[in-house]
Amino acid sequence: MNLAEGVQIVSFGILGLMMIGTALGVVLLPKIVHSAFLLAGVFVSISGLYILLNADFVAAAQILVYVGAVSVLILFAIMLVNKQEEYAELPGRKIRKIATAVVCFGLFALLGTMVLATPWSLDTTSIAVEDTTVALGEHFFSDYLLPFELASVLLLMAMVGAIILARRDLIPESLVSKDTVSTKLTLPERPRELASLSSDRDK
Amino acid sequence: MQLEYFLLLAAALFCIGIYGLITSRNAVRVLMSIELMLNAVNLNLAGFSNYLDPANIRGQVFTVFVITVAAAEAAVGLAIVLAIYRNRNTIDMEQFNLLKW
């Protein structure tokens, strides 16, 4: 990092304030769409902090994966389950919120004292890696090869699992009505009208 | 710049994530809080990688793995929320009692 110390501290302050503010917005705002957009703000500011930490490849991956994919995925989920429902009031909910806030503050105090009290063995002698992308690639294809391959298998399993979980129900053969036109491309799943009928019947 | 600043920031983000995870009633917001917590852990790992292990940046390797797992988790979690919404017609966390005694 060849920025001046003052520039680094100022940008750290701005990014940190932005991150904490948007994170509080994600948790506290009443409208879920606003929190989804603020979540993208959290991801962008964390990516800036990665750049301050000399992690340029990770910053780019953060922008690509989180801002580009996860935020859009969450927005799609909000649009798909867009239900303006009034939550029924539950007894003791306020007390639970206050207790949770107290516990979270306590956890933060504990972590803060731990961070400040630990004598970190800072490594100031060895020179930093110039090109982190090359270094990461060497790690991935030498000593972290097995986790790397397992991660690709995990992504495949997550993709298949998400498709299976999110598609509509299968129907048994006996219930398939004859009048539905079935081509080679027809999926063996319940048509939309049948699905809505059965969910009406369940009520 | 010091390591402690980044660690304190990550701790604050983690605590905000826990608060949201426990108190929010919208299932999608719970998933967002989990993303916040995973990002706090990533910030910790990147900080350790820069200040304690700058010669061979193992922390960044783990950060990339956590990003991968978080993406998979988000996809599967949102699919589960969608399936539950289709069955129960609600996304209120207080009414998801399918596995509760």
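What you see below is based on every heavy atom in this structure, not just the backbone, and it leaves out hydrogens, waters and symmetry mates. Note that the coordinates shown come from a computational prediction; the quantities given were computed from them, not determined experimentally. Residue numbers begin at 1 in each chain, while the letters A, B, ... track the order of the sequences.
Remark: side-chain polar atoms of B:Arg86 are paired, donor with acceptor, to backbone N or O of A:Ala166 under 3.5 angstrom. Using modelled atom types, no side-chain atom of B:Thr90 and backbone atom of B:Tyr85 make a donor-acceptor pair closer than 3.5 Å. No side-chain donor-acceptor contact under 3.5 Å links B:Arg29 to the backbone of A:Ser35. A side-chain donor-acceptor contact under 3.5 Å links A:Thr113 to the backbone of A:Ala109.
When each of A:Ile32, A:Val65, A:Ile163, A:Ile74 is scored by its heavy-atom pairs under 4.5 Å with chain B, the top score falls to A:Ile32. Counting heavy-atom pairs closer than 4.5 Å to chain A, the top residue among B:Ile80, B:Val69, B:Val64 is B:Val64. Taking A:Ala135, A:Gly161, A:Ser152, A:Ala101 one by one and counting their heavy-atom pairs under 4.5 Å with chain B, the maximum is reached by A:Ala101. The most heavy-atom pairs under 4.5 Å with chain A, out of B:Ile18, B:Ile67, B:Leu82, come from B:Ile67. Of the listed residues (B:Gly59, B:Ala71, B:Ala55), the greatest number of heavy-atom pairs within a distance under 4.5 Å of chain A belongs to B:Ala55. The choice from B:Val28, B:Val61, B:Asp53 that makes the most heavy-atom pairs within less than 4.5 Å of chain A is B:Val61. In terms of non-hydrogen atom pairs under 4.5 Å with chain B, the most contact-rich of A:Asp143, A:Val58, A:Val81, A:Leu39 is A:Val81. Heavy-atom pairs under 4.5 Å with chain B peak, among A:Ala69, A:Ser71, A:Pro147, at A:Pro147. Taking chain A as the reference chain and counting heavy-atom pairs below 4.5 Å, the highest number among B:Val81, B:Leu8, B:Leu21, B:Leu31 is found for B:Leu8. Between chain A and the residues B:Ile57, B:Thr63, B:Thr68, the most heavy-atom pairs under 4.5 angstrom are made by B:Ile57.
Annotation: the span from B:Ile84 atom CD1 to A:Leu165 atom CG amounts to 9.5 Å, rounded to 0.5 Å. Here CG of B:Asn39 is found 12.5 Å from CD1 of B:Ile34. Values are rounded to the nearest 0.5 Å.
Contacts between B:Tyr19 and chain A at a heavy-atom distance below 4.5 Å involve backbone atoms as well as side-chain atoms. For A:Leu49, the parts lying under 4.5 angstrom from a heavy atom of chain B are both the backbone and the side chain. A:Ala23 touches chain B through backbone and side chain together, each having a heavy atom under 4.5 Å away. Residue contact with chain A, scored on non-hydrogen atoms closer than 4.5 Å, involves the backbone and the side chain of B:Val76 alike. Using a 4.5 Å cut-off between heavy atoms, B:Ile16 touches chain A through backbone and side chain atoms alike. Residue A:Val115 touches chain B through both its backbone and its side chain, counting heavy-atom pairs closer than 4.5 Å. Looking at A:Val42, the atoms closer than 4.5 Å to chain B (heavy atoms on both sides) all sit in the side chain, from C-beta outward. Heavy atoms closer than 4.5 Å to chain A are found nowhere in B:Ser49, neither backbone nor side chain. Neither the backbone nor the side chain of A:Phe105 comes within less than 4.5 Å of any heavy atom of chain B. Of the two parts of A:Leu122, the backbone and the side chain both hold a non-hydrogen atom closer than 4.5 Å to a non-hydrogen atom of chain B. Looking at A:Val70, only its side chain comes within 4.5 Å of chain B, counting heavy atoms on both sides. Contact annotation for A:Thr132: both backbone and side-chain heavy atoms come within less than 4.5 Å of a heavy atom of chain B.
Looking at A:Leu28, A:Ile98, A:Thr100 one by one, the single match for side chain to side chain contact (heavy atoms under 4.5 Å, CB included) with B:Thr23 turns out to be A:Thr100.
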Kindly indicate, with the supporting measurements, whether the criterion side-chain contact (heavy atoms from CB on, under 4.5 Å) is fulfilled by B:Gln60 and A:His139.
CA-CA 10 Å; B:Gln60 292 186 27; A:His139 274 302; over 6 Å; no

Determine whether B:Glu4 and A:Leu116 satisfy the following criterion, side-chain contact (heavy atoms from CB on, under 4.5 Å), listing intermediate values before the conclusion.
CA-CA 7 Å; B:Glu4 283 86 352; A:Leu116 294 177; 4.0 Å; yes

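Centroid-to-centroid, the aromatic rings of A:Phe57 and A:Tyr50 stay 6.0 Å apart or farther. A centroid separation of less than 6.0 Å is found between the aromatic rings of A:Tyr144 and B:Phe62.
Relative orientation of the B:Phe48 and A:Trp120 rings is tilted, given thresholds of 30° and 60° on the angle between their planes.
The shortest heavy-atom contact between B:Leu38 and B:Ala70 is CD1-CB, 3.6 Å.
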